[in-house]
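Report on the structure given below.
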Amino acid sequence: MATAYSANRLGVKATVFTMDGLPQPVLKKFSDLGSDIYIGGPIWDICDATAKKYIENMRKEGKVCHYIHPFDSRAVWDGHSTLVHEMVGQLASAGHEEPGAVVTCVGAVVY
């Protein structure tokens, strides 16, 4: 969703590939932001391969496009790591050295 939002704010077109089963309200949010949406397959690996093939074909047609990986990027990892530093600081200020557990979500957006 962040890519669609950012593209909308920048006035550029985003093409979003997603897996089967994303709820209609989520697909509508992408569309409302002006993104083209493709259902790329039933699992992430297939969806990712479909997106890469799409980009390859677009480039063969002479179009400029960029692949933005949803999680394997230095900028993404650096951004996420700030949460860890914040958590460590908050624990220290509360008198704790380490958390008892860290719970996080993984996967698609669901509304």
| message | Which heavy atom of Ala4 sits nearest to which heavy atom of Ser35, and what is that distance? | response | CB-OG, 3.2 Å
| said: Testing the basics here: between Tyr67 and Arg59, what is the closest heavy-atom pair and its distance to 0.1 Å? | reply: N-NH2, 4.4 Å
| query | OH of Tyr54: more than 12 outside heavy atoms within 6.0 angstrom? | reply | yes
| If Ile, Leu, Val, Met, Phe, Trp and Tyr residues are connected whenever their side-chain heavy atoms lie under 4.5 Å apart, and connections chain through other members, are Met1 and Val16 in the same group? | yes
| request: Applying salt bridge (Lys or Arg N to Asp or Glu O under 4.0 Å), run through Lys53 and Glu56 and close with a yes or a no. | output: CA-CA 5 Å; Lys53 184 67 174 172; Glu56 181 183 318; 3.4 Å; yes
| field | Within-4.5 Å side-chain heavy-atom neighbours: Leu91 and Met87 | value | yes
| message | Could you tell me if the side chain of Thr18 sits less than 4.5 Å from the side chain of Phe30, heavy atoms only? | response | no
| query | Got a second to check how far Ile39's CD1 is from Thr50's OG1, nearest 0.5 Å? | reply | 11.0 Å
| message | Can you tell me how far apart CD1 (Ile55) and CD1 (Ile68) are? Round to the nearest 0.5 Å. | response | 8.5 Å
| Any Ile37 side-chain heavy atom under 4.5 Å of Ser31 side chain | yes
| When hydrophobic residues are tied together by side-chain contacts of less than 4.5 Å, even through go-betweens, does Ile46 share a cluster with Met19? | no
| At their closest point, which heavy atom of Lys13 faces which heavy atom of Ala7, and how far apart are they? | C-CB, 4.4 Å
| request: Evaluate the ring planes of Tyr38 and Phe17, with Trp represented by its six-membered ring, and classify them as parallel (under 30°), tilted (30 to 60°) or perpendicular (over 60°). | output: parallel
| field | Pairwise distance CD(Gln90) to CG(Leu83) - rounded to 0.5 angstrom | value | 10.0 Å
